[in-house]
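Working notes, beginning with the structure itself.
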Amino acid sequence: MPNYKSCYYRICRNIDYHMSYRISKDAYMLLGIALIIQIFAVYLSIKISDGFFLAPQVLYTLGFLFSITGCLIFSKQWQFTLDIQTFSILTFGSFFVVGSSALMGSLIKKFFHKRKNLYKQQKHHLSTKNKTDKFNKLSSKIFSTSTTKISKLGLVFLILLQLITIPLVLQAISKLYPSGSLDTSISLYKTASTFSTKKDLYPPVNQLKSFSTATSYFLSLLLAEAFARRELSNKPLLIVAYLLTAITTLLGGSRTAVALDVIIFFVGYALYLYINPDNKTLRRPTIKIVIGFICFLALFLVAYKYLQAGIKSSASMISYAGIYLGGEIPNLNFLLKEGIGNTGIWGYKTFSVTINYLGEHLGISDWVYAAYFPFRYFNGYLTGNVCSIYGPLFYDFGYIGIPIFLGIMCFINELFLHHVSNYISLNITKTMFTFFCANTFFSFFGENFFSNCLSINVIRIFFYITIADILLYLGGLLENLFSIKKINFLQDKYK
């Protein structure tokens with residue numbers, strides 16, 4: 001007599017196998033097409049970058065290339081099928097950014113063309129041709145050196161300040177979130193910062209921690225320029241100062257800031273090569289540097305896993321990588337099915353940082369909230385709670401909001417790029433530009449550009465970077481003063 005129960009289970013297993021095969025095949029097909037299109041978008045973005053191989057549009061398309069690749073790798077494990085709506089947004093968004101960057105870059109150049117011609121005419125009337133040649137050489141020298149001098153005394157002061165800040169931050173976190181161990185206290189602080197309205201430590205520790213985070217961006221740029229110039233003087237002190245600021249940032253539970261440091265370093269390096277094209281002594285990109293970059297990212301991802309604070313996961317290292325490099329796409333896919341949010345607050349997700357700040361200072365309780373999407377699971381696997389830049393824009397403004405705010409982002413980036421590549425730029429300006437670029441890269445992850453660059457945060461960061469730059473400048477003045485006094489003393493002694 002046939003075993004009907006056994007036959008039933010065998011049929012169910014076959015149905016599950018064929019359904020799983022169909023899901024993975026469909027997912028691979030549409031995601032594979034998206035990957036090919038994204039590679040073409042990266043190629044186009046590089047073609048219009050005019051030699052700046054880490055321009056904002058390149059970083060944007062490159063970030064989504066990583067995300068689509070990660071999603072493609074894990075789609076079978078997640079049993080995820082990409083919908084046509086998500087596919088359309090991913091492809092449209094990348095090409096829209098590339099096209100908008102090219103168009104706005106061209107319009108900005110034309111707009112400033114008359115002013116540039118006037119500048120050339122003024123320079124021509126300063127003197128004769130020979131003197132003009134000297135002026136050009138002098139301005140070139142100023143452009144390539146005036147914003148890169150780093151004083152040892154200023155770096156020592158920054159190092160001492162970090163040695164004071166680190167124990168203060170640890171003490172404040174342990175006091176506000178007491179537990180059996182320091183890493184648990186950091187985890188509790190990170191969880192409260194992300195998923196509640198309790199975000200800050202008490203003053204002045206919170207201000208010192210914010211200063212350390214902003215200074216790490218600044219020092220990342222200075223390190224990149226020192227690396228490009230092959231300059232060894234002050235580099236050890238510069239590295240120590242950066243590492244201490246990065247440690248302070250990590251102990252404060254902020255991992256994204258350290259990830260931004262990495263991108264700022266490479267954008268700053270590429271930017272220095274771009275604005276100094278005729279300098280033959282600069283360190284150019286080589287295969288060793290590219291391999292080193294890949295290895296560094298891999299090591300950073302491992303460190304990111306074990307230094308994480310917040311939600312603890314038993315997922316393996318590979319699954320953890322999938323959450324950060326591909327989980328945004330299935331989360332976005334799910335969000336598009338849910339539809340637009342109805343919170344009654346304009347820009348609820350996209351501009352939550354600024355809205356929370358205004359709510360706290362204006363006493364509007366409805367404007368003080370923790371803006372985060374719920375965590376998602378696909379086939380039992382965690383994919384995180386971020387939905388790329390498209391998620392918050394769709395949630396707040398619908399499909400029409402995506403091109404509008406992407407256009408705003410492209411305009412700001414192109415305006416910044418035109419300034420730093422055509423005029424003598426201060427360290428502060430270049431740091432802010434690389435900061436904007438780094439947040440543009442992380443558009444594949446979330447609305448970083450609008451949370452960090454179009455919010456109250458950018459004012460704080462600009463203020464703290466200015467202080468750091470002033471400290472280095474004052475350190476240089478004191479060094480020069482001591483040197484002059486020493487020379488005068490020796491001259492008087494040996495007269």
Side-chain angles (χ1 to χ4, degrees), residues 45-46 48-60 62 101 105 136-151 154-155 214-239 241-242 245-246 260-293 296-297 413-441 461-462 465-466 468-469 472-473 476:
S45 66
I46 294 173
I48 69 167
S49 66
D50 193 28
F52 184 24
F53 56 88
L54 286 180
Q57 69 272 10
V58 178
L59 291 167
Y60 184 91
L62 200 59
S101 299
N136 289 337
K137 291 179 181 179
L138 178 63
S139 63
S140 176
K141 185 178 180 181
I142 290 173
F143 182 75
S144 61
T145 60
S146 67
T147 60
T148 53
K149 290 191 180 250
I150 307 166
S151 69
L155 288 174
T215 304
S216 71
Y217 303 147
F218 181 57
L219 296 178
S220 295
L221 175 74
L222 297 184
L223 266 175
E225 293 186 343
F227 180 83
R229 294 193 316 271
R230 303 174 185 265
E231 186 178 281
L232 296 178
S233 63
N234 294 341
K235 192 181 286 186
L237 278 177
L238 188 56
I239 292 173
Y242 167 72
T245 57
L260 289 173
D261 288 342
V262 178
I263 306 302
I264 287 172
F265 175 86
F266 287 101
V267 174
Y269 167 68
L271 179 64
Y272 196 83
L273 297 182
Y274 179 63
I275 62 180
N276 295 279
D278 299 326
N279 194 332
K280 305 299 181 184
T281 63
L282 297 181
R283 191 193 304 265
R284 303 290 169 180
T286 63
I287 293 181
K288 288 183 180 179
I289 293 176
V290 174
I291 293 174
F293 174 54
F296 183 84
L297 285 180
N413 283 334
E414 288 301 314
L415 195 61
F416 238 140
L417 177 58
H418 176 81
H419 178 79
V420 298
S421 60
N422 288 279
Y423 304 97
I424 299 174
S425 299
L426 300 174
N427 279 329
I428 301 169
T429 309
K430 290 186 288 184
T431 304
M432 295 306 295
F433 171 69
T434 55
F435 175 72
F436 276 47
C437 286
N439 282 282
T440 301
F441 172 79
I461 291 168
F462 179 82
I465 289 175
T466 302
D469 199 21
L472 290 182
Y473 178 74

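Here the structure is a predicted model, which is why all the values come from computation and not from measurement.
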Quick one: side chain to side chain contact (heavy atoms under 4.5 Å, CB included) partners of [X], sequence neighbours excluded?
X	value
Phe462	Ile428, Met432, Thr466
Ala246	Tyr242
Ala214	Ile461, Tyr464, Ile465
Phe265	Leu223, Ala224, Phe227

- Message: Could you go through Asn439 and Ile263, starting from their C-alpha distance and side-chain angles, then the distance that decides it, and tell me whether this counts as side chain to side chain contact (heavy atoms under 4.5 Å, CB included)?
- Response: CA-CA 9 Å; Asn439 282 282; Ile263 306 302; over 6 Å; no
- By ring pair (Phe, Tyr, Trp, His ring centres under 6.0 Å), Tyr60 pairs with (sequence neighbours left out) Phe64
- Query: How far apart are the C-alpha atoms of Thr434 and Phe266, what are their side-chain angles, what is the distance that settles it, and do they pass the side chain to side chain contact (heavy atoms under 4.5 Å, CB included) test?
  - Reply: CA-CA 9 Å; Thr434 55; Phe266 287 101; over 6 Å; no
[Y] and [X], any side-chain heavy atoms less than 4.5 Å apart:
X	Y	value
Leu271	Glu225	no
Phe416	Thr429	yes
Phe433	His419	no
Val420	Ile275	no

With rounding to the nearest 0.5 Å, note down the distance linking [atom1] in [X] to [atom2] in [Y].
X	Y	atom1	atom2	result
Ile264	Leu222	CD1	CG	11.0 Å
Phe53	Leu62	CZ	CG	11.5 Å
Ile239	Leu155	CD1	CG	11.0 Å
Tyr473	Asn427	OH	CG	13.0 Å
Leu260	Phe441	CG	CZ	10.0 Å

- Task: Check the pair Ser101 / Asn413 against side-chain hydrogen bond (donor to acceptor under 3.5 Å, both in side chains), numbers first and verdict last.
- Result: CA-CA 8 Å; Ser101 299; Asn413 283 334; over 6 Å; no
- Taking the side chain from Ser151 and the backbone from Leu472, do they hold a donor-acceptor pair closer than 3.5 Å? yes
- Query: With sequence neighbours excluded, what pairs up with Thr431 under the side-chain hydrogen bond (donor to acceptor under 3.5 Å, both in side chains) test?
  - Reply: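 Thr431 satisfies side-chain hydrogen bond (donor to acceptor under 3.5 Å, both in side chains) with no residue once adjacent residues are dropped.
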- Item | Full working for side chain to side chain contact (heavy atoms under 4.5 Å, CB included) between Tyr274 and Ser421 | CA-CA 8 Å; Tyr274 179 63; Ser421 60; 3.5 Å; yes
- Task: For Phe218 and Thr245, run side chain to side chain contact (heavy atoms under 4.5 Å, CB included): C-alpha distance rounded to whole Å, both residues' side-chain angles, the deciding distance at 0.1 Å, then the answer.
- Result: CA-CA 10 Å; Phe218 181 57; Thr245 57; over 6 Å; no
